[in-house]
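Okay, so here's the structure we're looking at.
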Amino acid sequence: MSIDERGPEGGGTLLRRWRRRLPFILVLAASALILAFGGHRYVSFTALVDHHAWIDDSVARHPLMSVTVFAAVYAAIVALSLPGAAAMTLTGGFLFGWPLGTTASAFAATTGATLIFLLARTSLGDDLVRAAGPGAARLAERFRQHAFSYLLFLRLVPAFPFWMVNLVAAIAGMRLSAYVAATLLGILPGTLVFTVIGSGLGEPLADQAVALKDCRARGGTDCQVTLSAADFLTPELIGGFVALGALSLLPVLARHARRPDAAKRPG
C-alpha cells in the first residue's frame with residue numbers, strides 16, 4: 001500500500017470509490033437473492049400456463065396497465081441481468097400480438113439495458129480499465145473508435161450474453177446516445193421474430209397445459225412446461241442474425257481498408 005493510500009486523502013479517495021460502486025454491488029446482491037430464492041421461476045412458461053386465465057382477464061380488462069406492468073417487469077429482468085428475457089419476448093407476442101408486443105419488448109429491453117449500462121459506467125468504468133492494465137485500455141479505446149458498429153454486431157448475434165454486452169460497452173466508456181441507438185436497432189430483428197413466434201403460441205401452450213395437468217395428477221414433483229425460447233433458435237434463424245451482424249461490421253472493415261491508401265498519400 002502506498003503512502004497516499006494510507007493517508008487521510010488516500011483513505012477518502014478509497015471511500016469515495018466504494019460509495020460509487022455500492023449501487024452496482026446492491027444490484028448484484030439483489031440479482032443473487034432473486035436467483036437463490038427462485039424468483040426467476042415466476043417468469044416462465046409454467047407460470048404463464050398456471051395463471052393463463054387470470055392474465056388473459058387482466059389484459060382484456062386493463063390493457064394499458066397490463067402492457068405497462070409487462071414492460072416494467074421486462075426492464076427489471078434486463079437491468080438485474082436475470083434469465084428470462086427471451087421468454088418475456090415470446091410472452092409479449094402471445095399476450096398482446098406482434099405489433100404491440102414488439103414495441104413493448106423493444107422499449108423495455110432497451111430501457112433495462114440502459115439502466116444497467118449507466119450504473120456500470122458510473123460504478124466501474126475507468127477504474128476497472130485502469131486496474132486491468134494498458135492492454136485493456138487499448139482494447140477499450142479500439143472499441144470506442146467503432147463503438148456503434150461493434151455494439152450493433154454484439155446485439156444482433158445471439159451468441160453473446162446480453163448482460164455481458166452491457167458491461168463491455170459500459171467499461172469501454174461508450175457514449176449514451178450511441179449505446180441506446182445501437183441497442184434498440186440491434187435487438188429489433190430478434191425481438192420482432194420472437195414476438196411473431198410468440199403470437200402463435202396458443203396451441204403449443206394449450207398442449208403443454210394438458211401435459212402439465214397430467215403430470216401433476218400422477219403425483220409428479222417436478223412438473224414443468226418443457227417449452228423454452230431455445231427451441232425456436234433454429235440454425236437458419238441464427239445464420240440470419242449472424243449475417244446481419246456481419247453487415248453491421250462493414251463500416252469498420254471499410255475504414256480499415258482505407259487506412260493503407262491514406263498512409264501512401266503525400267502530406
Side-chain angles (χ1 to χ4, degrees), residues 40 42-79 82-115 151-162 165 180-210 225-245 247-248:
H40 60 290
Y42 292 100
V43 184
S44 65
F45 288 124
T46 301
L48 179 61
V49 168
D50 283 338
H51 305 289
H52 184 207
W54 177 80
I55 293 173
D56 269 358
D57 182 66
S58 297
V59 172
R61 288 174 176 268
H62 312 286
L64 181 59
M65 186 178 72
S66 299
V67 173
T68 303
V69 170
F70 169 83
V73 172
Y74 197 141
I77 288 172
V78 174
L82 297 172
M88 285 292 289
T89 306
L90 290 165
T91 301
F94 176 69
L95 295 177
F96 309 114
W98 72 264
L100 182 56
T102 299
T103 303
S105 294
F107 172 79
T110 303
T111 301
T114 302
L115 289 174
L151 183 60
L152 189 57
F153 172 79
L154 293 173
R155 292 300 191 203
L156 285 167
V157 179
F160 303 97
F162 202 81
V165 176
V180 173
T183 294
L184 181 58
L185 186 60
I187 67 174
L188 268 179
T191 301
L192 176 60
V193 169
F194 269 67
T195 307
V196 170
I197 293 172
S199 65
L201 280 182
E203 186 173 339
L205 284 180
D207 294 338
Q208 290 286 330
V210 173
V225 171
T226 57
L227 196 66
S228 71
D231 296 333
F232 303 101
L233 277 175
T234 64
E236 294 80 10
L237 187 58
I238 294 174
F241 290 144
V242 171
L244 285 173
L247 287 175
S248 71

For F96, all residues meeting ring-ring contact (aromatic ring centres under 6.0 Å, His included), sequence neighbours excluded: F70
For F94, ring-ring contact (aromatic ring centres under 6.0 Å, His included) partners two or more places apart: H52
Pair Y74-T111, side-chain donor/acceptor within less than 3.5 Å: no
Going from [atom1] on [X] to [atom2] on [Y], what distance comes out if it is rounded to the nearest 0.5 angstrom?
X: Q208; Y: L201; atom1: CD; atom2: CG; value: 10.0 Å
X: S44; Y: L227; atom1: OG; atom2: CG; value: 11.0 Å
X: T89; Y: L192; atom1: OG1; atom2: CG; value: 11.0 Å
X: I197; Y: L90; atom1: CD1; atom2: CG; value: 6.5 Å
X: L64; Y: H62; atom1: CG; atom2: NE2; value: 11.0 Å
X: I55; Y: T91; atom1: CD1; atom2: OG1; value: 8.0 Å

Any donor-acceptor N/O pair, S199 side chain to G93 backbone, under 3.5 Å: no
For a quick test of reading the model, state the closest non-hydrogen atom pair linking [X] to [Y] and the distance between them.
X: A182; Y: L152; answer: O-CD1, 3.7 Å
X: A47; Y: Y42; answer: CB-O, 3.4 Å
X: L156; Y: P189; answer: CD2-CG, 3.8 Å
X: A109; Y: I187; answer: CB-CD1, 3.7 Å
X: V59; Y: S66; answer: CA-OG, 3.4 Å
X: A85; Y: I77; answer: N-CG2, 4.2 Å

Side chain proximity check, L95 to D56, heavy atoms < 4.5 angstrom: yes
F162 and R155, any side-chain heavy atoms less than 4.5 Å apart: yes
